[in-house]
Q: 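Below is a structure I'd like to ask you about.
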Amino acid sequence: MSEQLEQQLISWRRELHQYPELSNKEFATTERITGWLKGLGLTPLPYSLKTGVVVEIGHGEKCIALRADIDALPIEEIAPVPFASQHRGVMHACGHDVHTSVMLGAAALLKAREASLPGRVRILFQPAEECFTGAQALIDAGVLAGVQAIFGMHNAPELPTGTLATRGGAFYANVDRFVIRVNGRGAHAARPQEGVDAIVIASQIVGALQTLPSRRYSPLESVVVSVTRIAGGTTWNVLPQQVELEGTVRTHNNAIREGIAENIRQLIHGIATASGGAAELLWSPGPPALVNTPHWATFSQQLAQEVGYQLVETPPQMGGEDFALYLHHVPGAFVSIGSASHDGLHHPGFNPDERLIAPAARYFSQLAEHALNSLPLPQ
Ligand code: NI
């Protein structure tokens, strides 16, 4: 890669970083990316998308897709960088600006090799990853038509620059979100016998939920139940009528995922009715577990090693990633690339090492080309 392109990718990343936009509001971001792609000689494909952009390089029947995410988070940046966010309370704290610049680089490199590419590379600049709706929007728009394999990345702040990690099979978790409404009966705090104490019931529920991972499922399975919000009560001398709990469940095993909402329902019903109250569960399924195709995970690792990445072993992650949805339709692999940030993802001080950008761009351009070479013609 030329020094000039490398500098260009860094300056694009910094511009995206200065003007971050939240999920589904990436209008200026989409405009910027589209402008840069046009500058590379690429025309956006005519998908009907509110935000995000898709381009394609090459000709022929074979088709590989690469994906970057483009959205930012509602976080006020504290990273001491000269290109800090100019949008109050919004920050690229997950490094999607870096991912975007990597795939812009891959686009530039592939465009330069277009005449000799043995097929097409479709590059997806996907909106709304943070709220898990962007991948589905792109799939609904038809971006996977004809795609034989798809690849993507997330930066990994806990890994040193120059490292890459992936695994065949389950990589990121099933993400589910819940709200539990505990209904009691309000009363004077000094006369609890006249009410049903929703706060006591909710406290028992919080504790009992922790017995699901530890007692209901094998210790060899990955199950996390976290209560992240408790809301109830208005003052010191009133027992409130209702308490609301909110949280998330993370799993990798689909059989567990399918049964756990019912288990929670039984548990909270039992606890609440034992005290004369009631509890209801509102369940919102998020993205499914990200399951890499073993063949493409190995393929990604082999190429990474060939181009000089240091491979790192990775256990399954408990985070979620809507790249998982693409893998429900087409095979492929998602990789983690070291970004060596002292502060982690979603932290206001998150500051990834930009030196990952150029090698990752080169890597994805080669990955797409090698994958095309290895593929049979579609039936
Ligand atoms: Ni992210």
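Each ligand, and each atom within it, is numbered from 1 in the order the structure gives. For the numbers below, each heavy atom of this structure counts, side chains included, while hydrogens, waters and symmetry mates do not.
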Q: Which residue pairs pass the salt bridge (charged side-chain N to carboxylate O under 4.0 Å, His left out) test with at least one member in residues 134-148, sequence neighbours excluded?
A: none
Q: Does Glu221 pair with Arg250 as a salt bridge, N-O distance under 4.0 Å?
A: no
Q: What I want to check is whether the side chains of Tyr326 and Gln126 have a donor and an acceptor closer together than 3.5 Å.
A: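 Yes, because at least one side-chain N or O of Tyr326 sits under 3.5 Å from a partner of the opposite role on Gln126.
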Q: Taking Arg229 first and then Glu244, would you say they form a salt bridge - that is, a charged N and a carboxylate O separated by under 4.0 Å?
A: yes
Q: Parallel, tilted or perpendicular for His92 and His96, by the 30°/60° rule?
A: tilted
Q: Tell me, which protein N/O/S atoms are under 2.8 Å away from the Ni ion (ligand 1)?
A: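 Hits for the Ni ion (ligand 1) below 2.8 Å: Cys94 SG, His96 NE2, His154 NE2.
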Q: Between Glu354 and Arg14 (salt bridge meaning N to carboxylate O under 4.0 Å), is one present in this structure?
A: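 Salt bridge flag = yes for Arg14 with Glu354.
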